[in-house]
Amino acid sequence: MENYEELLQKNSQYLWNPFTQMKEYLQEEPLIIERGKGVKLIDVRGREYYDGNASVWLNVFGHNRKELNDALSEQLSRIAHSTLLGMSNVPAILLAERLVQITPDRVQKVFFSDSGAEAVEIALKMAFLYWKHRGKPEKHIFLSMQNAYHGDTVGAVSVGGIPTFHHAFDRLLFQTEKVPYPYPYRFSGTEQECVETCLAELQKKLEEKADQIAGLIVEPMVQGASGIIVAPRGYMAEVEKLCRQYDILLLADEVATGFGRTGKMFACEHEAIEPDILTVGKKLTGGYLPVAATLTSDEIYQAFYGDYADQKTFYHGHSYTGNQLGCAVALANLDLFEQEKIIEHVKDTSEQVAQWLKEFYQLSHVGEVRQLGLMIGIELVKEKESKKPYLLEDTIGQRVCNRAKELGLITRPLDSVITFLPALIAAKDELREMLDILYQAIQEVTESE
Ligand SMILES: *Cc1c(COP(=O)(O)O)cnc(C)c1O
């Protein structure tokens with residue numbers, strides 16, 4: 001083991017971290033993780049922290065989980081990787097079967113990749129070519145949501161809509177049409193009016209140019225990275241109806257919401273949504289390895305199916321597509337979903353968490369607490385009455401998370417929203433302790449100024 005001072009020096013000399021302002025980050029003592037155990041992370045100095053955002057929304061059954069470790073070593077004793085280009089492998093076949101079994105009925109074929117952003121790129125390219133192959137190449141524009149997040153590659157950013165992350169790239173992006181996602185807290189009117197306004201705008205767009213639109217991509221039930229915005233009940237079902245009515249594809253991005261996060265295996269289940277294309281990633285391997293997938297309807301698959309000379313081959317792939325280690329650990333992860341009855345566990349713990357979260361409204365700067373399952377966002381505001389927001393330069397979220405870290409919990413803010421997305425396996429006593437830390441951190445930071 002390197003000595004700590006050397007590690008610190010090399011860390012600042014060689015690494016450039018994602019979504020991190022290096023200047024500010026390097027002014028503080030960085031956290032260097034060395035081990036994980038259950039819902040905790042342990043740094044090189046032996047300090048323990050709750051992993052309050054499941055290592056950015058990935059972890060399901062805790063770190064260093066025996067069943068997952070075993071599945072990896074077992075697969076490793078056979079082979080680590082061989083290509084899926086023009087050939088196959090055992091864990092990829094079995095994982096594809098499992099995914100089709102547990103996802104909404106309409107999606108029947110599985111195309112693997114390595115990250116959520118790639119799964120989205122693939123979804124967009126498939127939807128685009130689907131219409132071309134069906135003889136309607138004019139349907140080439142994508143509809144997406146304001147404040148959406150679908151990953152950081154250029155195609156995924158094109159359908160994204162978070163100004164802080166995305167505006168700087170505007171001139172690099174392909175054209176899309178944006179419609180609003182319901183955010184009742186920031187809408188001047190009732191929740192119902194908010195939903196109706198959003199749906200009316202969607203319908204207007206479709207009325208205008210559905211004949212040019214390939215599909216609508218949406219984060220079903222919860223917009224994650226924009227601040228854990230939970231859509232009011234009934235909204236998604238209406239969105240699906242409009243897609244059917246105007247004959248455009250529905251692309252559901254469940255990279256964040258999939259695999260039990262919202263209390264159902266997939267968020268689409270809350271309103272029996274049947275997407276044409278479904279993207280999954282994040283928790284698929286329990287937080288172990290980068291595997292993602294794009295699932296499509298048989299109808300889309302068939303549009304590409306033909307003789308070589310038809311020029312309908314889907315020319316897209318990544319070096320590690322269908323990686324055996326990743327697929328093997330994903331299969332073991334899905335086995336654990338059944339053995340641990342994790343969906344029922346999340347239903348139970350998230351109801352308890354909902355009770356505890358009510359206490360946060362006692363805090364003078366908590367504007368709204370949003371929750372679906374174990375996907376939780378606590379929006380901080382400068383003034384409760386007027387809902388006056390904090391400014392970016394207040395760095396309120398970052399300061400609260402820094403304090404939480406000192407108190408023993410790691411999570412990240414989304415601007416002035418504190419996110420809480422613990423590993424699904426977290427027990428009630430652990431959840432209570434994590435919430436106590438968040439409560440204290442919010443109180444100390446917001447009430448001290
Ligand atoms: C995280 C996320 C992505 C991107 O996944 P990566 O694996 O980070 O590329 C895409 N869509 C949604 C909804 C996400 O939350």
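Note that ligands are numbered from 1 as they come in the structure, with each ligand's atoms numbered from 1 the same way. Computation of the quantities below employed the complete heavy-atom set of this structure, encompassing side-chain atoms and omitting hydrogens, waters and symmetry-equivalent molecules.
Residue Glu24 places its CD atom among 12 or fewer non-hydrogen atoms of other residues, nucleotides or ligands, all under 6.0 Å distant.
Against a heavy-atom cut-off of under 4.0 Å, Asp253 is close to the following atoms of ligand 1: 10 (C), 11 (N), 12 (C), 13 (C). Remark: ligand 1 atoms within the under-4.0 Å shell around heavy atoms of Ser115 are 7 (O), 9 (O).
Contact annotation: for Lys282 versus ligand 1, heavy atoms closer than 4.0 Å belong to the side chain alone.
No N or O atom of Glu219 sits closer than 3.5 Å to an N or O atom of ligand 1.
Among residues two or more places apart in sequence or in another chain, the side-chain contact (heavy atoms from CB on, under 4.5 Å) test is passed with Thr83 by Leu85, Met87. Checked against side-chain contact (heavy atoms from CB on, under 4.5 Å), Gln13 has the following partners two or more places apart in sequence or in another chain: Gln9.
Of the protein's non-hydrogen atoms, Val255 CG1, 3.6 Å is the one closest to atom 3 (C) of ligand 1. Residue, atom and distance of the protein heavy atom nearest to atom 7 (O) of ligand 1 are Gly116 N, 2.7 Å.
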- request: Mind running salt bridge (charged side-chain N to carboxylate O under 4.0 Å, His left out) on Glu379 and Lys387 for me, showing each step along the way?
  value: CA-CA 10 Å; Glu379 179 159 346; Lys387 302 184 182 178; over 6 Å; no

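Nearest-heavy-atom check against atom 9 (O) of ligand 1 across Ala292, Ser226, Gly281, Ala117 picks out Ala117.
The backbone N or O of Gln398 lies less than 3.5 Å from no partner atom in the side chain of Thr395, so there is not a single donor-acceptor pair.
At a distance under 4.0 Å, a protein heavy atom can be found next to atom 15 (O) of ligand 1.
Remark: Lys40 does not engage Asp51 in a salt bridge, criterion side-chain N to carboxylate O under 4.0 Å.
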